[in-house]
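Step one of this worksheet: look at the structure below.
Only heavy atoms go into these numbers, but all of them, side chains included; no hydrogens, no water, no symmetry mates.
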Amino acid sequence: MTEPGYEQARDELASVVAKLEAGGLSLEDSLTLWERGEALAKICDRHLAGARERVETALAAVEAEND
């Protein structure tokens with residue numbers, strides 16, 4: 001299974017949070033959703049870290065050209 005893209009992971013995470021906030025789930029279902037939410041949050045963090053690194057690399061290249 002391939003890792004979802006940032007937007008897909010973010011949207012699924014929002015859905016998981018909404019379901020957890022709505023309540024009415026069994027403890028087992030709540031734990032399963034919480035675990036999925038944790039995994040999705042880590043995926044989002046990885047995507048954001050990669051984007052941050054790309055921006056920093058691009059900015060460093062521009063600064064190097066201007067020196």
With a cut-off of 3.5 Å and sequence neighbours excluded, list every side-chain donor-acceptor pair involving residues 34-51.
residue: R36; atom: NE; partner: E12; partner atom: OE2; Å: 2.8
residue: R36; atom: NH2; partner: E12; partner atom: OE1; Å: 3.1
residue: R36; atom: NH2; partner: E12; partner atom: OE2; Å: 3.3
residue: R46; atom: NE; partner: E3; partner atom: OE1; Å: 3.4
residue: R46; atom: NH2; partner: E3; partner atom: OE1; Å: 2.5
residue: H47; atom: NE2; partner: P4; partner atom: O; Å: 2.9

The criterion is side chain to side chain donor-acceptor pair (under 3.5 Å); which residues satisfy it with T57, sequence neighbours excluded? none
Separation between CZ (R10) and CD (Q8), nearest 0.5 Å, reads 11.0 Å
Are V16 and L25 linked, directly or through other ILVMFWY residues, by side chains that come within less than 4.5 angstrom of each other? yes
Applied to residues 22-32, the side-chain hydrogen bond (donor to acceptor under 3.5 Å, both in side chains) test, sequence neighbours excluded, yields S26-D29
So if you build clusters from Ile, Leu, Val, Met, Phe, Trp, Tyr with side-chain heavy-atom gaps below 4.5 Å, do L33 and L13 land together? yes
